[in-house]
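Input: a single structure, listed below in structure tokens.
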2 protein chains.
Amino acid sequence: MYKRGVRALPRNGAAGNGNPTLEEVARVAGVSRATASRVFTASPKVSPKARRAVERAAEKLRYVPNRAARTLVTGRTDSVGLVIPEPTSFLFGDPFFPRLVRGIGEVLSRRQLQLVLLMPQSKEDEARLEGYLSAGHVDGVLMVSLHGNDPLPERVHRRGTPVVLGGKPNVDSPVNYVDVDNVGGARSAVEHLIKIGRRRIATVTGPLDMGAGVDRLQGYHDALRQAGAQIDPVLQESGDFGQPRGAKAMEALLHRRPDLDAVFCASDAMAAGALETLRRHKRRVPQDVAVVGFDDSTIATSTVPPLSSVRQPIEEMGREMARLLLAGLDSPPSGGKRVILATELVVRASSGKGGRE
Amino acid sequence: MYKRGVRALPRNGAAGNGNPTLEEVARVAGVSRATASRVFTASPKVSPKARRAVERAAEKLRYVPNRAARTLVTGRTDSVGLVIPEPTSFLFGDPFFPRLVRGIGEVLSRRQLQLVLLMPQSKEDEARLEGYLSAGHVDGVLMVSLHGNDPLPERVHRRGTPVVLGGKPNVDSPVNYVDVDNVGGARSAVEHLIKIGRRRIATVTGPLDMGAGVDRLQGYHDALRQAGAQIDPVLQESGDFGQPRGAKAMEALLHRRPDLDAVFCASDAMAAGALETLRRHKRRVPQDVAVVGFDDSTIATSTVPPLSSVRQPIEEMGREMARLLLAGLDSPPSGGKRVILATELVVRASSGKGGRE
DNA sequence: TCCTTGCGCGGGAGCGCTCTCAAGGGAGTC
DNA sequence: GACTCCCTTGAGAGCGCTCCCGCGCAAGGA
């Protein structure tokens, strides 16, 4: 005898997981499926009585709408992707990542949107990513800090999915972005060094294939120029945001200009490295050499002396990215919006009183 | 005349987004939808010829399967949730969060699973979360570091969704978890202090409503006991993992036991605070007081002197969590699995040579 | 040559939901 | 009292996919 499939039994699939469906809620509430649906889609066309009945039934059955079914018909997924390229996560100072995600989450959760983390780890992943993002698996995309000129955001944007970048893209692109005022932050750091009487101000830059690296160098130049000072390439050394490179860069700077009296480092980690080197060379900080970092990370308060640093509104950046994306979800595709958030110099002992002015 | 709906036109919804469907791929490939489907579900029952035809058609049309439709019928979502309670993200040293997520992502991406970040930010969010997790919106759940005895993981586990915790739960629970060997790490730190000749070893604990806090204190006790030393409550001060509390706790300890000759801090940030206080009190580190931290964060290398610290395999913890979850997805619900990962003491100047032994 | 075996394939149902359409019924108007 | 209007409701189709069922055909055994 043949084994025969039994048609009447539910198949596997979502039906099998024991979750109540809208159908059941409607039955318990004594209304049609359509009316029950209207309650959950916040449609206004439901009588108070019917609404109450449905709400009670839903509560009783612990009903939770099936997102897949909803997505299938509406075309919305109620989720947004956050793309973080592999190398990025390590460059960031301190609690950058959690703070950013927190800001994003704050705004998204008010709209009941889920955040899907996408971290391509190989070329293969990256190739798949564009398809994934464009296929409607997410309603919008947030991306942080790309190196070089990644074509991905622009491609996805063109395919019609709203995109917001965190950090200025290297190339000129029609994609919306939010950035902190790296130029202004660096400028205020260097202006501060000038104001406390420093004249031979060096800098350790970030990686110059990143917007943040370029802009912080720009701010350094701006401040010097505005003060009528000359820009001396000998006072400039490039780094990678990491502590060891900071130490090495400081070594090189001291070798070339033993008489430098201040250094602006494009990250706190590099500034910590610089402090190390300065100590080894018996330079007093801030008396002989004043030091300012960037990021205002936890490192800044743990060094000796504590680091003056430029504070960035990371949470706010996350929030603003999410807000910009939400605006893009509601209205037709737009581009070219940019939001720049102010930074703030926090002066501590590494450039503070006790100097020689 | 009435406005009449035009039935023939596609409605809004996923059909409107211009993405090709399986139907179209099948048509182009000259096979049935069922056969095309078999190609994408990696079913073996497809002739090489048909398979090639489908693959070519898919490539040509840039076909990406619609996840919602697939989920609707299979009941799988191919995504897992990562739950991070609000207060948590701030407690963690340094690059904890990115490193953990990276480890998780490494394993998940090999299986094409998406990571959905869930950060309940209010009581309301938390209430919704249980429904969300149990309703089949994710195939499994990863959760990190809960305070107190959060009933959520156990509830979700009981409702049939695989769960893996990062960090030991406070209460005894049937939920799988991965943790680093906090007890062993702390023990090795204190044993090291004993070995370099310290006898009055104090500790600044973490929050004692967290597993990590309790276990690190436990390790401190174990090491002392094993060395035949007495456990003196006067040498013990509680903290919160943060730098300011570390500084304050050190103050209290020095006041009570001016003759202490070592301190083990349950986090690097607190150790940095302790160094601050010791400096103010003109204690030399490590000559007068040796200091060891925990986390081996970026702070550890930026202090003066650099901190000895206990290194944790964070990426590996993420990977192991993901692996454990994958195992749970494949096989029937299981519980009670636990994986403890070894830690490693990194000795630097704060407890190193130049001491007085 | 006929029958068995099994592999590959297509037909078709249905997952749970939203949304359009049209119908029912109560209130308001002349 | 008859008619109109609007507010609420239900029926039904269909989103794109997977999987069960059974058919047909080629290969192997008798």
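Quick caveat: nothing in here was measured; it's all calculated off a predicted structure. The sequence lines fix the lettering, A, B, ..., with proteins before strands; numbering per chain opens at 1.
- Looking at the side chain of A/V31, the nearest of the listed nucleotides D/dG10, C/dG10, C/dC17 is D/dG10.
- Inter-residue side-chain proximity for A/Y132 and B/R67 is flagged as met; some heavy-atom pair is nearer than 4.5 Å.
- Taking atom CZ on B/R27 and atom P on C/dC9, their separation rounds to 19 Å, with Å as the unit.
- For A/N66 and C/dC17, the CG to P distance is 5 Å, given to the nearest whole Å.
- Between A/S47 and the phosphate of D/dT9, there is a side-chain N or O to OP1/OP2 separation shorter than 4.0 Å.
- Salt bridge status for A/R27 with A/E24: absent, with no side-chain N to carboxylate O gap under 4.0 Å.
- Taking side-chain N and O atoms only, B/T21 has no distance below 4.0 Å to OP1 or OP2 of D/dG16.
- Atom C1' of nucleotide C/dC17 and atom CD of A/E24 are separated by 14 Å, given to the nearest angstrom.
- C/dG16 atom C1' lies 15 Å from atom CG of A/L61, rounded to whole Å.
- For DNA chain D, the neighbouring residues in residues 34-41 of chain A, judged by any heavy atom under 4.0 Å, are A/A34, A/T35, A/R38.
- Ion pairing between a basic and an acidic side chain is recognised when a charged N comes within 4.0 Å of a carboxylate O; B/R111 and B/D139 show no such pairing.
- At whole-Å resolution of the value, CG in A/L72 and P in C/dC15 are 13 Å apart.
- Atom CZ in B/R51 sits roughly 10 Å away from atom P in C/dG8 (whole-Å rounding).
- Using a cut-off of 4.0 Å between Lys/Arg side-chain N and Asp/Glu carboxylate O, A/E154 and A/R158 are scored as salt-bridged.
- Residue B/A50 is in sugar-phosphate contact alone, with no base atom involved, counting any heavy-atom pair closer than 4.0 Å across all strands shown.
- Atom NZ in B/K49 sits about 13 Å away from atom P in C/dG8, given to the nearest Å.
- Between A/L22 atom CG and D/dG14 atom C1' the separation is 16 Å, expressed in whole Å.
- Each of A/A68 and B/V46 lies near DNA chain C, and the nucleotide nearest B/V46 is the one positioned closer to the 5' end.
- Proximity of a side-chain donor or acceptor of A/N176 to a complementary backbone N or O of A/G336 within less than 3.5 Å is detected.
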B/R323 vs B/E106, salt bridge (Lys or Arg N to Asp or Glu O under 4.0 Å): CA-CA, chis, key distance, verdict:
CA-CA 10 Å; B/R323 281 189 212 117; B/E106 252 175 54; over 6 Å; no
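- With B/L324 as reference, B/V339 is the one residue of B/V339, B/L142, B/V163 to meet the side-chain contact (heavy atoms from CB on, under 4.5 Å) rule.
- Which of D/dA13, D/dG16, C/dG10 sits closest to the side chain of B/S32 comes down to C/dG10.
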